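Pasting a structure below so you can have a look.
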Amino acid sequence: MPDCIFCKIANGEIPTKKLAENEHGVAFADLNPQAPFHALVIPKAHVPSVNEARTPEMMGHLYAMVAELARTHGFDQTGYRTVINTGPHAQQTVFHLHIHVIAQRQMSWPPG
Ligand code: 5GP
Ligand code: ZN
C-alpha cells in the first residue's frame, strides 16, 4: 500500500532494526516505547485493522511471533501485554494492523 509507513518498514523501504521476521510478519521496536520492551508485530500484507482481518491464519501467525518474542526476550513467564487498537475509541493512529507487545515492567488494569 503506497504511503503506508508500516508497509515500508515491512518491505525494507524504511530501514528498521527488525526483532523478528518470517514470511507472514515482522516485529520491530516501537518508536515511542511505553515500557522497557515495546515491539509491534505486523503482517507483511497491508491490512488496515482487525475489522479487515478475515483470515484466522494471519492472526495465528502473528501471535506465534508474539510468543516467540516473549520466549527469546525472556518475559514469557514474568508476563506481558498485547494490545490491538482499532478505530477512534481505541485511538488507532497507524492504519496497518499491529499488535503492541509491552513488557518488562509491572502494569495495571484497566487501561486508560
Ligand atoms: P496505534 O496508536 O495505532 O495503536 O499505534 C501506533 C504505534 O506506532 C505507536 O505506538 C507509535 O509510537 C508507533 N509508530 C508510529 N510511527 C512509527 C515509525 O515510523 N516507526 C516505529 N518503529 N514505530 C512507529
Ligand atoms: Zn500497510
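Computed from a prediction, not measured in an experiment: that's the story for all the values here. For ligands, and for the atoms within them, numbers begin at 1 and follow the listed sequence.
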Check His96 against His98 and note the closest heavy-atom contact, atom names and distance. O-ND1, 2.7 Å
Val26 vs Phe6, test: side-chain contact (heavy atoms from CB on, under 4.5 Å). Steps then yes/no. CA-CA 10 Å; Val26 178; Phe6 285 1; over 6 Å; no
Answer with side chain, backbone, both or neither: which part of Leu31 has a heavy atom less than 4.0 angstrom from an atom of ligand 1? both
Heavy-atom pair with the smallest gap, counting every atom of Pro33 and Asp30: CD-O, 3.6 Å
Are there more than 12 heavy atoms of other residues, nucleotides or ligands under 6.0 Å from atom CD of Glu52? yes
Enter the distance from Ile99:CD1 to Ile42:CD1 here, rounded to the nearest 0.5 Å. 10.5 Å
Which of the atoms of ligand 1 are close to Gln91, meaning less than 4.0 Å from one of its heavy atoms? 2 (O)
Does Ala29, backbone or side chain, put an N or O under 3.5 Å from an N or O of ligand 1?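 Yes: some nitrogen or oxygen of Ala29 is under 3.5 Å from one in ligand 1.
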Same cluster or not: are Leu40 and Met107 linked, directly or through other Ile, Leu, Val, Met, Phe, Trp or Tyr residues, by side-chain heavy atoms under 4.5 angstrom apart? no
Using only N, O or S atoms, tell me which atom of His46 is closest to the Zn ion (ligand 2). ND1
Phe75 and Leu19: same hydrophobic cluster, using ILVMFWY side-chain contacts below 4.5 Å?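 Yes: a chain of side-chain contacts under 4.5 Å links Phe75 to Leu19.
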Find out if a path of hydrophobic residues (ILVMFWY) with successive side-chain heavy-atom gaps under 4.5 Å connects Ile84 to Val101.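 Ile84 and Val101: one cluster.
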Just heavy atoms, cut-off under 4.0 Å: does Ala90 contact ligand 1 by side chain, backbone, both, or neither? neither
What protein heavy atom lies closest to atom 10 (O) of ligand 1? Include the residue and the distance to one decimal.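 The protein heavy atom lying closest is Asp30 OD2, 2.5 Å.
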How long is the span from the CD1 atom in Ile5 to the CD1 atom in Ile14, to the nearest 0.5 Å? 4.0 Å
Does the side chain of Met58 reach to within under 4.5 Å of the side chain of Leu97, using non-hydrogen atoms? yes
Restricting to N, O or S atoms of His96, which is nearest to the Zn ion (ligand 2)?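 For His96, the N/O/S atom sitting closest to the Zn ion (ligand 2) is ND1.
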Using the Zn ion (ligand 2) as the vertex, how large is the angle between SG of Cys7 and SG of Cys4, rounded to 10 degrees?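 About 120° at the Zn ion (ligand 2).
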Give the numbers and elements of all ligand 1 atoms closer than 4.0 Å to a heavy atom of His100. 1 (P), 4 (O), 5 (O), 7 (C), 10 (O)
Is there a heavy atom of Leu40 sitting under 4.0 angstrom from any atom of ligand 1?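 Yes; Leu40 lies near enough to ligand 1 that a heavy-atom distance drops under 4.0 Å.
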Starting from atom 3 (O) of ligand 1, find the nearest protein heavy-atom neighbour and note its residue, name and distance. Thr93 N, 2.7 Å
Give the atoms of ligand 1, by number and element, whose distance to some non-hydrogen atom of Gln92 is under 4.0 Å.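 Counting atoms of ligand 1 from 1, those under 4.0 Å from Gln92 are 3 (O).
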Decide yes or no on side-chain contact (heavy atoms from CB on, under 4.5 Å) for Asn85 and Gln91, but give the supporting numbers first. CA-CA 6 Å; Asn85 293 319; Gln91 297 194 319; 5.9 Å; no
Judging by distance only, is a nitrogen or oxygen of His98 under 3.5 angstrom from one on ligand 1? yes
Report yes if some N/O of Ile9 lies less than 3.5 Å from some N/O of ligand 1; otherwise report no.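 Such a contact does not occur with ligand 1.
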Under 4.5 Å between any side-chain heavy atoms of Met59 and Pro43, yes or no?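 Result no, sub-4.5 Å side-chain heavy-atom pair not found.
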So which bit of Phe95 gets within less than 4.0 Å of ligand 1, heavy atoms only: side chain, backbone, both or neither?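 The answer is neither; Phe95 stays 4.0 Å or more away.
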Looking at Ile5, which atoms of ligand 1 are within less than 4.0 Å of one of its heavy atoms? 19 (O)
Is the closest heavy atom of Gln34 to ligand 1 under 4.0 Å?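 No; Gln34 lies far enough from ligand 1 that no heavy-atom distance drops under 4.0 Å.
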Geometry only, no angles: is Val94 polar-contacting ligand 1 at N/O separations under 3.5 Å? yes
Contacting atoms of ligand 1, where contact means under 4.0 angstrom from a heavy atom of Asn32: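 So the atoms of ligand 1 that pass are 12 (O).
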Report yes if some N/O of Asn85 lies less than 3.5 Å from some N/O of ligand 1; otherwise report no.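 Among all N and O atoms of Asn85, at least one is under 3.5 Å from an N or O of ligand 1.
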Phe28 heavy atoms, cut-off 4.0 Å: which ligand 1 atoms fall inside?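 Counting from 1, the qualifying ligand atoms are 21 (C), 22 (N).
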Enter the distance from Leu62:CG to Lys44:NZ here, rounded to the nearest 0.5 Å. 11.5 Å
